[in-house]
Amino acid sequence: MDVYEAVTSRRAVRGFTDREVPREVLERVLSAAAWAPSGSNLQPWNAYVLTGGPLAELKKRAGERVASGDAWDEPEYEQYPPALKSPYRERQFAFGEQRYGALGIQREDLEARQRAASANWDCFGAPAALFCYVDRDLGRPQWSDAGMFLQTVMLLLRAEGLHSCAQMSWAKYRKTVAEVLSPPDDLMLFCGMSIGYQDVTVDHTPRADRAPLDETVTFVDDR
């Protein structure tokens, strides 16, 4: 797949078929993604890939927490500032309107929004999931490196005809994830990622709009 096509066709898919993702495909993607850039070649990402029984067990445990109304785990990092300033606040608002509007859910229907959000912990039906951890002793630049690794993974998945959905939401159930994965104590869960083949009969969420180039990019040249 052309790189531009991979970039423009990548989106957060929230509905997958149960078609198995071959192990050799996942290995090929992750082997290539290892070439993602990182400062001083630290390669600070630690990825766990779940399929089959282990993933089913994680979904079961997370689903039980959702059903019981169990409180989220205390956060280990701040996903968003407490008060987003403009223009980020407006972009977040627009995303929510577009996401839940596509599901026919009104803004004031908090119960329906919570039901929709709970699909995160079923990986939207995906048959594979990746969980990315970062060493607690590393800093913001290394978190940026982990982000470049994850983006590389998502683009390579598109080249294989697969889709994905990166999910910081899994950090809210990090203890449940740890029960299944048993990561070392010095690793912090950054996010999960659902991986699979898109179910177009379920996933009706349009791709979120992007800001015009002149809002996010400044050219400094002789023109």
Parallel, tilted or perpendicular: rings of W170 and F131 (30°, 60°): perpendicular
I'd like to know if M193 and V21 are part of one continuous hydrophobic network [Ile/Leu/Val/Met/Phe/Trp/Tyr, side-chain heavy atoms within less than 4.5 Å]. yes
Under a 4.5 Å cut-off applied to non-hydrogen side-chain atoms, are P183 and N46 in contact? no
Same apolar cluster: V49 and L157, side chain cutoff 4.5 Å: yes
Electrostatic pair D70:R61 at N-O distance under 4.0 angstrom: no
Counting N and O atoms only, with roles assigned by atom type, does the side chain of D203 sit under 3.5 Å from a partner on the main chain of V13, one being a donor and the other an acceptor? no
pair P127-E20: side-chain heavy atoms closer than 4.5 Å: no
For the atom pair CG (L156) and CH2 (W35), what is the distance rounded to the nearest 0.5 Å? 13.5 Å
Gap between atom CG of L187 and atom CG of L138 - 0.5 Å precision: 9.5 Å
Can you confirm whether V177 sits close enough to L58 that some side-chain heavy atom of one is under 4.5 Å from a side-chain heavy atom of the other? yes
Can any side-chain N or O of R136 pair as donor or acceptor with the backbone N or O of D185 at less than 3.5 Å? yes
The reported gap from CZ in R11 to CZ in R158 (rounded to nearest 0.5 angstrom) is 9.5 Å
Please evaluate residues F149 and L30 with respect to the criterion side-chain contact (heavy atoms from CB on, under 4.5 Å), reporting the C-alpha separation (whole Å), side-chain torsions for both, the decisive distance (0.1 Å), and the verdict. CA-CA 9 Å; F149 166 74; L30 292 166; 4.1 Å; yes
Determine whether E74 and K175 make a side-chain contact, defined as any pair of heavy atoms from C-beta on separated by less than 4.5 Å. yes
Shared ILVMFWY cluster between M168 and L130, side chains joined below 4.5 angstrom? yes
Do the side-chain N and O atoms of E90 and S86 include a donor-acceptor pair separated by under 3.5 angstrom? yes
D222, CG: over 12 other non-hydrogen atoms inside 6.0 angstrom: no
Do you know which two heavy atoms are closest between P44 and D145, and how far apart they sit? CG-CB, 3.6 Å
Would you check if I195 and L26 make a side-chain contact, meaning some heavy-atom pair closer than 4.5 Å? yes
Is there a path of hydrophobic side-chain contacts, each under 4.5 Å between heavy atoms of I, L, V, M, F, W or Y residues, that connects Y133 with L55? yes
Nearest 0.5 angstrom please: F190 CZ to Y77 OH, how far? 5.0 Å
One pair to check against side-chain contact (heavy atoms from CB on, under 4.5 Å): C123 and K59. What are the steps and the verdict? CA-CA 8 Å; C123 294; K59 290 180 179 182; 3.9 Å; yes
Derivation of the side-chain contact (heavy atoms from CB on, under 4.5 Å) call for M1 and E160: CA-CA 8 Å; M1 180 181 289; E160 297 284 353; over 6 Å; no
Sort out for me which residue in P81, P82, P87 forms a side-chain contact (heavy atoms from CB on, under 4.5 Å) with L84. P81
Side-chain contact test, heavy atoms from C-beta onward, threshold under 4.5 Å: evaluate it for L181 versus L50 and give yes or no. yes
Look up atom OG in S169 and atom CD in Q79, then write down how far apart they are to the nearest 0.5 Å. 7.5 Å
Is there a donor-acceptor contact under 3.5 Å from the side chain of R207 to the main chain of R10? yes
Same cluster for L42 and M188 if Ile/Leu/Val/Met/Phe/Trp/Tyr side chains link at under 4.5 Å? no
Relative to each other, are the rings of W121 and W72 parallel, tilted or perpendicular (30° and 60° limits)? tilted
I'd like to know if the side chain of D137 reaches the main chain of D186, judged simply by a donor and an acceptor atom lying under 3.5 Å from each other, with no hydrogens or angles considered. no
Nearest 0.5 Å, what's the OH-CG distance between Y173 and N120? 10.0 Å
Do E57 and E179 have side chains that get closer than 4.5 Å, going by heavy atoms? no
Are Y88 and Y80 close enough, and set up right, to give a side-chain contact (heavy atoms from CB on, under 4.5 Å), and what steps lead you there? CA-CA 10 Å; Y88 315 111; Y80 302 101; over 6 Å; no
With a 4.5 Å heavy-atom cut-off, do V25 and R28 have their side chains touching? yes
Using a 3.5 Å distance criterion without hydrogens, assess whether the side chain of R65 forms a donor-acceptor pair with backbone atoms of A71. yes
